[in-house]
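A quick write-up on the structure given underneath.
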Amino acid sequence: MSEEKSLNFIEEIIENDLAEGKYKSIITRFPPEPNGYLHIGHSKSICLNFGLTQKYGGSTNLRFDDTNPVTEDTEYVESIKEDIKWLGFNWSNEYYASDYFDQLFEYAVTLIKKGFAYVDDSTSEEIALLKGTPTEAGKESFYRQRTIEENINLFNEMKSGKYKDGEKVLRAKIDMTSSNMLMRDPIIYRIKHAHHHRTADKWCLYPMYDFAHGQSDSIENITHSICTLEFIPHRELYDWLISKLEIFPSHQYEFARLNMTYTVMSKRKLLQLVKEGFVSGWDDPRMPTICGLRRKGYTPLSIRNFCDKIGVAKRENLIDLSLLEFCLREDLNHIAKRVMAVLDPLKLVITNYEDGKTELLHSENGPDESMGSREIPFSKELWIEREDFMEEPAKKWFRLAPGAMVRLKSAYIIKCDSFEKDHNGNVAVIHCTYFPESKSGQDTSGISVKGTIHWVSVIHAATAEVRLYDRLLKSENPAAEEGDFKDYINPDSLEIIKEAYIEPSLSDATFEDRFQFIRKGYFCLDKDTANGQLVFNRTVTLKDAWSKEVKKG
RNA sequence: UGGGUUAUUGUGUAAAGGUAGCACUACAGAUUUUGAUUCUGUCUGUCUAGGUUCGAAUCCUAGUAACCCAACCA
């Protein structure tokens with residue numbers, strides 16, 4: 001722990017600012033637009049913004065950037081708040097850009113009075129045409145010459161509802177020849193006769209992002225306004241507006257957003273997956289949304305650790321999904337209760353075990369003694385995993401095969417004597433004998449076996465539906481592939497096992513529980529569980545050296 | 001063809017002119033009543049070409065590549 005972790009570039013900026021006395025303490029903000037659900041990419045920003053003030057002191061606001069009433073809704077506000085809380089962060093203040101609409105309007109009037117803004121009657125097509133291109137300068141609008149007085153009147157009329165959507169806009173008067181397209185007289189207010197989820201019908205004109213975000217930062221005294229790389233061109237405008245308005249100088253810093261292998265992150269694509277039925281909803285466990293990950297069984301700590309490990313820098317990145325899974329397993333390994341469940345059952349009969357006898361066997365709940373232990377019923381007939389038996393054993397196989405011995409976890413060592421097949425030629429029953437003196441914890445048999453397999457007693461087994469998830473997309477970088485990302489959807493991303501056999505203790509499972517189904521992976525209860533019908537989601541598989549061995553051939 | 005940003009191993013991230021480190025992945029081995037966990041080890045990297053310097057990932061010059069910018073979205 002004595003190792004000093006190196007700082008990311010934003011931490012360096014902050015430490016410098018603090019050391020130079022530029023600020024006594026810092027204020028950051030997380031500013032989502034309430035028009036969709038948060039995803040793992042947002043968690044990078046959340047961990048960064050909240051993490052910075054946890055580390056350096058100060059406060060972090062949650063601010064909804066709700067300047068576009070037609071796309072936004074309180075449904076999203078609620079889900080966003082729930083997700084942030086679940087991740088483990090508490091905001092100092094809950095603000096809304098819409099709280100500042102009156103103030104923002106006054107700022108716009110100020111800008112007009114200073115001669116830095118004007119009302120433009122051009123159509124959006126005309127404005128686009130005069131804007132030029134990245135390689136060609138734009139041309140000034142005919143309306144750019146309006147007097148301050150005329151602009152004030154017009155702007156007030158816009159507010160009063162005199163004009164229809166699109167009839168007029170307010171533009172900042174900057175420079176139509178700027179090499180930065182955003183400085184070519186950007187639109188800062190537009191007319192929208194639309195119902196806003198918070199201000200209702202009070203307004204019919206709304207500020208654009210560029211005239212709301214920086215100003216909101218300034219109103220809240222945000223010292224470090226952290227956003228993603230694509231906003232770099234906005235910074236010049238951000239600074240220009242603050243300087244013309246002569247308000248608190250917040251500063252914008254940009255970092256590279258998270259990209260992850262086998263995952264799409266854009267709101268548009270995630271929406272398509274939901275709308276077109278590729279997944280069951282925003283919280284489908286295959287989705288990279290926070291609610292999807294939560295439902296799948298991810299823990300807040302695993303996501304926070306992940307965000308910590310990926311770092312913060314300015315270059316484009318594509319993070320291995322395996323790093324996220326590593327962080328997940330690392331946490332789950334500590335907290336998950338070990339239990340036994342058979343997903344693909346094969347019957348095993350212990351021929352020398354007394355008919356009708358039941359034994360309660362002692363089994364530890366986890367590697368850590370503090371997790372306690374429980375009793376598991378054992379009897380003559382058991383379910384074992386079909387893949388744990390091989391009629392003709394492969395090389396290095398140390399599970400069950402004719403003549404082979406294995407230990408039944410927490411129970412006895414058994415030897416396979418014979419097996420039966422059904423009329424389809426599939427193995428139907430395995431016959432074994434057990435060694436009474438090999439009982440777990442009091443083994444005096446002197447037999448040592450290489451393999452240990454899990455099992456569930458047939459007459460004591462409970463049943464559950466188990467849902468196994470694989471990656472939704474087959475391509476490492478679906479966004480970079482040619483054609484539609486949907487061409488790369490994995491058709492086998494969901495496997496439903498309608499009736500798996502689980503040990504009876506699992507009947508009492510709660511939604512908070514995290515389980516490791518021994519040798520099969522980490523699981524948790526799904527919200528579809530109802531009326532005693534248990535439904536489990538596989539959160540993540542265990543690392544599997546055997547399947548790699550098989551692939552090697 | 002304009003402007004901006006970025007380039008360190010398979011992936012991500014450190015090294016502020018002085019030993020290119022760490023994590024994930026992959027691979028090999030040890031331990032194991034989970035082929036898990038744990039432990040040990042291995043793993044061809046500074047975009048290119050010049051230059052400055054005793055010494056360059058870092059400084060200079062010239063290139064190259066990737067990403068972003070022409071929504072009344074954020």
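Only this structure's heavy atoms are used, side chains among them; waters, hydrogens and symmetry mates stay out. Chain letters run A, B, ... following the sequence lines, proteins first, then strands; residues in each count from 1. Please read all numbers here as calculations on a predicted model, not as lab measurements.
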Find out whether the Lys NZ or Arg CZ of [X] is both under 6.0 angstrom from the six-membered ring centre of [Y] and within 45° of the ring's axis.
X        : Y        : result
A:Lys439 : A:Tyr412 : no
A:Arg198 : A:Tyr96  : yes
A:Lys415 : A:Phe435 : no

Say we look at [N] and [M]: how far apart would their [atom1] atoms be, to the nearest angstrom?
N     : M     : atom1 : answer
B:C39 : B:C22 : P     : 15 Å
B:A14 : B:A7  : P     : 10 Å
B:U1  : B:U44 : C1'   : 40 Å
B:G51 : B:C43 : P     : 32 Å

In terms of side-chain geometry, is the basic nitrogen of [X] or [Y] positioned less than 4.0 Å from the acidic oxygen of its partner?
X        : Y        : value
A:Lys543 : A:Glu325 : no
A:Lys55  : A:Glu11  : yes
A:Asp121 : A:Arg146 : yes

Closest to side chain of [X], choosing from [options]:
X        : options             : result
A:Asp320 : B:C24, B:A26, B:G12 : B:C24
A:Asn317 : B:G35, B:G12, B:U33 : B:G12
A:Ile232 : B:A26, B:A28, B:G4  : B:G4

Inset, instruction - For residues A:Leu506 and A:Phe515, determine if any side-chain heavy atom of one lies less than 4.5 Å from a side-chain heavy atom of the other. - result: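 Counting from C-beta outward, A:Leu506 and A:Phe515 do come under 4.5 Å.
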Inset, instruction - Write down the distance between NZ (A:Lys450) and C1' (B:U34), rounded to a whole number of angstrom. - result: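 So the NZ-C1' distance, A:Lys450 to B:U34, works out to 14 Å.
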Select base, sugar-phosphate, or nothing to describe what [X] touches, counting heavy atoms under 4.0 Å on all strands.
X        : result
A:Arg184 : nothing
A:Ile518 : base
A:Ile453 : nothing
A:Gly521 : nothing
A:Val449 : nothing
A:Lys396 : base

Determine which nucleotide pairs with [N], using a 3.5 Å limit on both distances of a Watson-Crick or G-U wobble pair.
N     : value
B:C27 : B:G41
B:G50 : B:C60
B:C72 : none

Inset, instruction - Summarise how protein sits on nucleotides 36-46 of chain B as a single string, 5' to 3': B when a protein heavy atom is under 4.0 Å from the base, S for sugar-phosphate-only contact, - for no contact. - result: SS---------
Inset, instruction - Can you check each nucleotide of nucleotides 63-74 of chain B against protein heavy atoms at under 4.0 Å and return B for base, S for sugar-phosphate only, - for none, in 5' to 3' order? - result: ----S-SB-BSB
Donor-acceptor contact present, side-chain [X] to main-chain [Y], <3.5 Å:
X        : Y        : value
A:Ser178 : A:Asp175 : no
A:Asn35  : A:Glu72  : no
A:Asn180 : A:Pro233 : yes
A:Lys173 : A:Arg144 : yes

Is a donor-acceptor pair below 3.5 Å formed from side chain [X] to base [N], judging by atom type as modelled?
X        : N     : result
A:Arg407 : B:U33 : yes
A:Arg399 : B:G35 : yes
A:Thr452 : B:U34 : no

Legend entry - Which residue lies more 5' along RNA chain B, comparing A:Lys44 with A:Leu324 via nearest heavy atoms: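 Comparing both residues, the 5'-ward one is A:Lys44.
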Legend entry - Contact under 4.0 Å: A:Lys551 side-chain N or O vs B:A26 OP1/OP2: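 Answer is no, no contact under 4.0 Å.
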